[in-house]
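This report concerns only the one structure given below.
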Amino acid sequence: MAQEKNGIKIRGLRKEYKLGSTVVTALNGIDLDIGGGSFLCVAGPSGSGKTTLLNMIGLVDLPTSGVVNVAGVDVQAMNDKLSTRYRSQMLGFIFQTFNLLPVLSVYENIRLPLILHNDLTKEEKHDRVMDFAKAVGLESHLAHKPAELSGGQRQRVAIARALVTHPIIVLADEPTANLDSVTGNEVLELMEEINATRGTTFIFSSHDPSIMHRAKRVVRLRDGHIEVE
């Protein structure tokens, strides 16, 4: 039931971009079902449509046509208020470049997504930050700025920041691309543990073999199409 309740249904998803007089098709009629609690890798060469697909799920961009249904809701049909709530409460984002604010501490970077959560008290927000800082092993680094951290530590901050809102889905775009193999595996192990213990859905965009090996399911894209699974 949980898989169906928090699942993603994608039907006929198409995305076209205009480059001058040329039309580039990034996604060409994608149909895909993703169950709640998945640990899924969207793989494929550069330009295959991996990031575009994540952007459609995350409402970072809108499709030319087709439907993305998350937890029973057509996300493209949401008004601005509902789409903001969807992104802030149901989704977490992890980027290959970390996207941490350099002037903020680790504590402040993790706490940042909770600004929009007026339903939580100051104490509840603090408890969440501490909970996830501990989960990613950075409770002793809360006062540090991103420049004082290693690449692996920065990505751990990004993971904590993505999870602090208790999202049902985490979208991770090439999360190990800027990490060495040892650190990348440590980060993936942390995500696996969170997926197993909290039931959070992880959807990766990557061509990293270590992510594809660890994923419970791999969906391969090529030229905007899903190859046979």
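Nothing here was measured: the structure is a model prediction, and the numbers come from that model.
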**Study point:** Student check: side-chain heavy atoms of Lys50 and His207 closer than 4.5 Å
**Key:** yes

Check your understanding: Are Thr165 and Leu114 side-chain neighbours, meaning at least one heavy-atom pair lies under 4.5 Å?
Key -> yes

Check your understanding: Do Met191 and Ile194 have side chains that get closer than 4.5 Å, going by heavy atoms?
Key -> no

Revision key, fill the gap. Going by chain and number, the hydrophobic cluster around Leu19 (ILVMFWY, side chain to side chain under 4.5 Å) further includes Val24

Review point. So which heavy atom on Val67 is nearest to which on Gln76, and how close?
Key: C-OE1, 4.0 Å

Review point. Under 4.5 Å between side-chain heavy atoms, hopping through other hydrophobics if needed: is there a path connecting Phe204 to Leu40?
Key: no

Check your understanding: Less than 4.0 Å between a side-chain N and a carboxylate O, is that true for Lys134 and Glu139?
Key -> no

Check your understanding: Shortest non-hydrogen contact from Asn109 to Val157?
Key -> CB-CG1, 4.1 Å

Point to revise | Members besides Leu112 in its Ile/Leu/Val/Met/Phe/Trp/Tyr cluster (side-chain heavy atoms under 4.5 Å) | key: Leu101, Val103, Leu104, Ile115

Exercise for review: Please answer: with hydrophobic residues joined when any side-chain heavy atoms are less than 4.5 Å apart, are Leu179 and Phe202 in the same cluster?
Suggested key: yes

**Study point:** Shared hydrophobic cluster, Leu163 / Phe39 (ILVMFWY, side-chain heavy atoms < 4.5 Å)
**Key:** yes

Study note, to complete from the structure: Smallest heavy-atom separation, Leu13 atom then Ile10 atom, equals CB-CG2, 3.6 Å

Check your understanding: Tell me, do Gln89 and His166 make a side-chain contact under 4.5 Å, heavy atoms counted?
Key -> no

Exercise for review: Check each of Ile169, Asp173, Val219 against Ile203 using the side chain to side chain contact (heavy atoms under 4.5 Å, CB included) test, and report the only one that passes.
Suggested key: Ile169

Check your understanding: Taking it one step at a time, do Thr64 and Tyr17 satisfy side-chain contact (heavy atoms from CB on, under 4.5 Å)?
Key -> CA-CA 9 Å; Thr64 304; Tyr17 296 98; over 6 Å; no

Study note, to complete from the structure: For Lys15, the salt bridge (Lys or Arg N to Asp or Glu O under 4.0 Å) test, sequence neighbours excluded, returns Asp61

Practice item. Give the minimum heavy-atom separation between Leu59 and Arg87, together with the two atoms involved. Key: O-NH1, 3.1 Å

Check your understanding: According to the interplanar angle, ranging from 0 to 90°, do the rings of Tyr107 and His126 count as parallel (below 30°), tilted (30 to 60°) or perpendicular (above 60°)?
Key -> tilted

Study note, to complete from the structure: Nearest heavy-atom contact between Asn195 and Lys216 is OD1-NZ, 2.9 Å

**Study point:** Summary of salt bridge (charged side-chain N to carboxylate O under 4.0 Å, His left out) pairs that have at least one residue in residues 182-201, sequence neighbours excluded
**Key:** Asp131-Arg198, Glu189-Arg214, Glu192-Arg214

Point to revise | Any Ser105 side-chain heavy atom under 4.5 Å of Leu142 side chain | key: no

Review point. Looking at side-chain heavy atoms only, is the closest gap between Val70 and Met90 below 4.5 Å?
Key: yes

Check your understanding: Should Lys122 and Glu124 count as an ion pair when the cut-off is N to O under 4.0 Å?
Key -> no

Check your understanding: Hey, quick one: are Tyr86 and Val170 part of the same hydrophobic cluster, counting side-chain heavy atoms closer than 4.5 Å, chains of contacts allowed?
Key -> no

Review point. Is any side-chain heavy atom of Arg154 less than 4.5 Å from a side-chain heavy atom of Thr97?
Key: no

**Study point:** Nearest heavy-atom neighbours spanning Ser205 and Pro175
**Key:** O-CD, 4.2 Å

Review point. Are Leu190 and Ile211 grouped together when hydrophobic residues (ILVMFWY) are joined by side-chain heavy atoms under 4.5 angstrom apart?
Key: yes

Exercise for review: Can you sort out the partners of His144 under side-chain contact (heavy atoms from CB on, under 4.5 Å), two or more places apart, ordered by chain and number?
Suggested key: Val106, His141, Glu148, Leu149

Practice item. Kindly write out the residues that satisfy side chain to side chain donor-acceptor pair (under 3.5 Å) with Thr200, not counting sequence neighbours, or none if the list is empty. Key: none

